Number of protein chains: 2
Amino acid sequence: MANARSDDIARQTPAPAVEEPPRKSDLTRQRILDAAARVFSERGYSGTRLTDIAARAGLQAGSLYYHFDSREKLIDEIMHLGTRRTHAAAVERLAALPPDASPLRRLETLIENHLLLGLEQSDYSSASIKLIWQVPADIRERQLVGQRAYGALWREELEKARAVGAIRPDLNLSTVRMMIAGALNWATDWYKPTGDSPTRLARDLVEMVLHGLARAPAREAGPDGGVADPPPATSRPRR
Amino acid sequence: MANARSDDIARQTPAPAVEEPPRKSDLTRQRILDAAARVFSERGYSGTRLTDIAARAGLQAGSLYYHFDSREKLIDEIMHLGTRRTHAAAVERLAALPPDASPLRRLETLIENHLLLGLEQSDYSSASIKLIWQVPADIRERQLVGQRAYGALWREELEKARAVGAIRPDLNLSTVRMMIAGALNWATDWYKPTGDSPTRLARDLVEMVLHGLARAPAREAGPDGGVADPPPATSRPRR
DNA sequence: GTCTATACTGAGATAGAC
DNA sequence: GTCTATCTCAGTATAGAC
């Protein structure tokens, strides 16, 4: 799938206080993490054996234990990194918006960021999404705690949008959040690189989430300039 | 969660041609299936051991093999039943609509049916949803084949809606289908009986999917009478 | 048909040589 | 640090008594 995955967005290894040459075989540790993120995101929790990870990292299964205490610790770290990475990228992309960007434009950014990271930009993000409901409950609990900050970001943006009347006031926002997450995260599973591009998927998804599936009769332009209105009825149907 | 699950909707054991008393311990077989559906839907693929299933069905692990060749066969059957059940219930509920129900009303029905079965009405449906991306690829392939008819039903209804102009013409319908599935199916994982009721969730979900999150300025009533329009701006916010 | 007892297997984990 | 070899154990599956 993604030989070209960069995964350099928001790599947040805490920078050493002083310039140190990266200790020679913390590089191996990193290789193992990268390999594991990839394999887990491809084969899931029960489909991934330590042997697979070791093979991809170019060593023997037993050698992994020099770097990690257990398979579980390895999973913990990958998922944690995935969440942090998604979160950091979101913050970054929000910051890159013009300061007067509308709340809807900001939500759009959150949606795109999450989907693109999960689909093709980061094995860590994909893995954390794919694994969250596959892993045993204790692992999941730890992860959900770590995801609070990211969840809070979504909540804030949604509330901000509601405060200024950009979104409907009648929906339970935490339900909304979970539904959007579902639509985005499920894609991590069904997405095949042979179909629509991630960018195109993101577009349709943003449209659906913000404006819905139903033909909105005579919808007028909203107060913000950032979000495209649904195209006119004459658009050519797709598929 | 669901001691009261009926699971009698669309139970499709092929009726014997002649009236036969149900063979005494096909009943056991059924008990095993019910137990397995429940446990798998609660603990997932790798969290479920044959011992758990046996315990819930009231026998020893080894005894399962009198009724099923392998754990895999058992999973196959449960998931298959889940799909059939969801599909059959959908057909039933569509048939129960007034013949002049609008296409949007029909989509609404599909959405509600899928969500409610997955959340609380059928362990089989929950299990098939929860397991589909957890099981090994060969099991999944078989299931996806079995789901084609149900997928086709969705596709038909969506296309019908588009044909009469009830939904937007610019979205890729198979993407739409997967996004809706994601929003609905993800709920099977995060849903906790302590929050909003499934009915309430279904309402918000239908609203989101059909009309979107954005405040639609000056939306007018659609041509169909079945679907509630978004409430006025004065609605009281939730959460 | 269901039980008890046991065989088999895959995969995580450890030990010790290099 | 990484290898090879091995231990351990959980969990599926089988055998044979009842």
Side-chain angles (χ1 to χ4, degrees), chain A residues 20-79 127 131 134-140 142, chain B residues 20-79 127 131 134-140 142:
Chain A
E20 292 171 25
R23 254 167 310 167
K24 38 196 165 194
S25 278
D26 274 351
L27 294 179
T28 305
R29 192 186 143 87
Q30 188 59 51
R31 252 172 43 232
I32 295 172
L33 283 171
D34 288 348
R38 172 68 70 87
V39 180
F40 273 117
S41 76
E42 285 173 357
R43 309 196 200 173
Y45 176 74
S46 50
T48 299
R49 290 151 305 181
L50 292 184
T51 315
D52 304 325
I53 296 170
R56 172 170 277 268
L59 23 67
Q60 297 299 312
S63 313
L64 297 177
Y65 286 86
Y66 178 80
H67 302 275
F68 297 90
D69 287 345
S70 67
R71 178 181 134 114
E72 183 167 328
K73 284 279 176 55
L74 184 52
I75 293 177
D76 274 339
E77 185 157 347
I78 286 166
M79 293 183 73
L131 295 184
Q134 297 195 7
V135 294
D138 54 335
I139 299 186
R140 174 166 52 251
R142 286 195 291 276
Chain B
E20 293 172 22
R23 256 165 308 163
K24 39 196 163 190
S25 279
D26 273 349
L27 293 179
T28 305
R29 192 186 143 87
Q30 188 61 49
R31 252 171 45 231
I32 295 172
L33 282 171
D34 288 348
R38 172 67 71 87
V39 179
F40 272 117
S41 77
E42 282 173 357
R43 308 196 200 173
Y45 176 74
S46 50
T48 299
R49 290 152 305 181
L50 292 185
T51 316
D52 304 325
I53 296 170
R56 173 171 277 269
L59 24 68
Q60 297 300 311
S63 313
L64 297 177
Y65 286 86
Y66 178 80
H67 303 275
F68 297 91
D69 287 344
S70 67
R71 181 184 195 255
E72 184 167 329
K73 284 278 174 57
L74 183 52
I75 294 178
D76 274 340
E77 184 157 347
I78 287 166
M79 294 183 71
L131 295 184
Q134 297 195 6
V135 294
D138 54 335
I139 299 187
R140 174 165 52 252
R142 286 194 290 276

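Note that the structure is predicted; figures quoted are calculated from it, not measured. Chain identifiers are assigned alphabetically (A, B, ...) following the order of the sequence lines, protein sequences preceding nucleic acid strands; residue numbering begins at 1 within each chain.
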Partner set under side-chain hydrogen bond (donor to acceptor under 3.5 Å, both in side chains) for B:S46, not counting sequence neighbours: none
If you restrict it to nitrogen or oxygen atoms, what contacts under 3.5 Å exist between nucleotides 4-9 of chain D and the protein, and what is each distance?
none

Geometric cation-pi criterion, B:R71 with B:Y65: 6.0 Å, 45°: no
Contacts of type salt bridge (Lys or Arg N to Asp or Glu O under 4.0 Å), residue A:R140, not counting sequence neighbours: none
Listed partners of B:R43 passing salt bridge (Lys or Arg N to Asp or Glu O under 4.0 Å), at least two apart: B:D52
Any residue of residues 44-54 of chain A with a heavy atom less than 4.0 Å from an atom of DNA chain C: A:T48, A:R49, A:L50
Contacts of type salt bridge (Lys or Arg N to Asp or Glu O under 4.0 Å), residue B:R142, not counting sequence neighbours: B:E72, B:D76
Residue pairs passing the salt bridge (charged side-chain N to carboxylate O under 4.0 Å, His left out) test where at least one lies in residues 60-69 of chain B, sequence neighbours excluded: B:D69-B:K73
Side chains of A:Y45 and A:P136 in contact at under 4.5 Å (non-hydrogen atoms): yes
Under the side-chain contact (heavy atoms from CB on, under 4.5 Å) test, residues paired with B:S63 that sit two or more places apart: B:L59, B:Q60
Heavy-atom contact window of chain A on DNA chain C, given 5' to 3' at under 4.0 Å: C:dA11 to C:dT14
Note, A:L33 side chain near A:L74 side chain (heavy atom, < 4.5 Å): yes
For B:R29, salt bridge (Lys or Arg N to Asp or Glu O under 4.0 Å) partners two or more places apart: B:E77
Taking every non-hydrogen atom, the tightest pair across B:I53 and B:A35: O-CB, 3.8 Å
Close residues, residues 68-75 of chain A, relative to DNA chain C [heavy-atom separation under 4.0 Å]: A:S70, A:R71
A:L50 versus A:L64, closest heavy-atom pair with distance: O-CD1, 3.7 Å
